[in-house]
There are 2 protein chains.
Amino acid sequence: MVTKSTPDRGDAFDPDCPTRVVLDRIGDKWTVLVIGALQDGPLRFSVLRVRVGGVAAKVLTQTLRAMERDGLLTRTVHAQVPPRVDYELTDLGASLTGPIQTLTDWAETHLSQILGARETYDAALDPPLDAR
Amino acid sequence: MVTKSTPDRGDAFDPDCPTRVVLDRIGDKWTVLVIGALQDGPLRFSVLRVRVGGVAAKVLTQTLRAMERDGLLTRTVHAQVPPRVDYELTDLGASLTGPIQTLTDWAETHLSQILGARETYDAALDPPLDAR
DNA sequence: CGGCATCCTCTGGGATACTG
DNA sequence: CAGTATCCCAGAGGATGCCG
């Protein structure tokens with residue numbers, strides 16, 4: 001391994017930092033959605049695609065591969081005439097639902113404050129000249 | 001306002017969705033770092049810049065503006081000869097430290113599993129031909 | 001010192017078409 | 001049906017330079 005730089009107080013300029021690793025994953029557009037879709041059990045690719053919303057197949061594949069690589073879900077290929085691939089959360093993946101839920105709860109609870117703040121902020125800028 | 005589409009079960013194809021709003025914010029490269037840096041009290045721009053790590057001034061400004069707009073922090077300009085601008089978390093911003101901490105804790109706890117999964121996954125692909 | 005303007009690069013996300 | 005290969009675009013992130 002390369003020389004581990006200063007882990008500091010646990011922050012994230014360093015891609016090796018745990019925070020960074022997780023943040024990169026949940027920061028992307030689809031991972032959280034996929035976890036949500038798989039919470040109730042395994043789903044095959046096509047069903048997942050619909051459940052998640054209009055994701056391009058390529059992008060969904062990318063997302064699933066990354067999650068599989070990180071051990072968040074398993075990919076099971078069934079040797080059938082029409083190929084069938086099932087995706088299922090691992091225990092690790094399922095354990096992420098907790099923290100995500102915490103975040104979601106915060107989001108729902110404070111959304112009005114955020115949107116309110118935006119309106120106030122924007123209102124102070126939109127009419128920069130007079131009209132006040 | 002535009003017609004509010006189906007809020008569904010609280011998910012995020014819709015930019016209006018609370019989850020999306022928050023996820024977009026914490027997903028970006030610096031917001032979480034800024035919150036961490038400001039946890040112990042207000043800091044002026046230049047100090048913040050150093051604390052956070054090698055962020056480009058432009059990018060830090062962008063991040064701070066977005067956070068200010070969302071009501072996560074306040075921006076105070078002191079009318080001095082050498083300009084001095086202080087940034088401080090609002091109660092709303094401070095309340096985000098909780099959920100973030102939850103995520104950070106999860107990250108630190110499960111990092112080894114993730115990295116282990118990656119090694120296993122990559123090892124199965126790197127030598128695609130023989131050598132096994 | 002803080003921050004805006006400009007320019008540039010890199011990559012996440014996506015549409016399309018083709019293969020096993 | 002699942003996945004790959006191409007091509008493409010927009011935007012985040014960043015380097016540099018100038019201004020109040």
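Sequence lines set the chain letters: A, B, ... in the order given, protein chains first and strands last, and positions in each chain run from 1.
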Separation of C:dC1 C1' from B:Leu48 CG (nearest whole Å): 14 Å
Single hit among B:Leu64, B:Leu43, B:Val55 for side-chain contact (heavy atoms from CB on, under 4.5 Å) with B:Val34: B:Leu64
Minimal non-hydrogen separation, A:Ala37 against A:Leu48, with atom names: CB-CD1, 3.8 Å
Nearest-Å distance for atom pair CG/C1', residues A:Leu33 and C:dG14: 16 Å
Rounded interatomic separation in angstrom, taking CG from A:Leu60 and P from D:dC1: 15 Å
More than 12 heavy atoms of other groups within 6.0 Å of B:Gln39 CD: yes
Under-4.0 Å side-chain N/O to phosphate OP1/OP2 contact, B:Arg44 with C:dG2: yes
Residue pairs involving residues 64-79 of chain A (criterion side-chain hydrogen bond (donor to acceptor under 3.5 Å, both in side chains); sequence neighbours excluded): A:Arg25-A:Asp70, A:Arg69-B:Asp122, A:Asp70-B:Arg118, A:Arg75-A:Tyr87, A:His78-A:Asp86
Protein proximity profile, nucleotides 3-18 of chain D - base contact B, sugar-phosphate-only contact S, no contact -, cut-off 4.0 Å on heavy atoms: SS-B------BBB---
Value in whole Å for how far the P atom of C:dG12 lies from CG of A:Asp24: 9 Å
Nearest-0.5 Å distance, OG1 of residue B:Thr97 to CG of residue B:Leu38: 11.5 Å
Minimum heavy-atom distance between B:Ala107 and A:Val22, given as atom pair plus value: CB-CG2, 3.3 Å
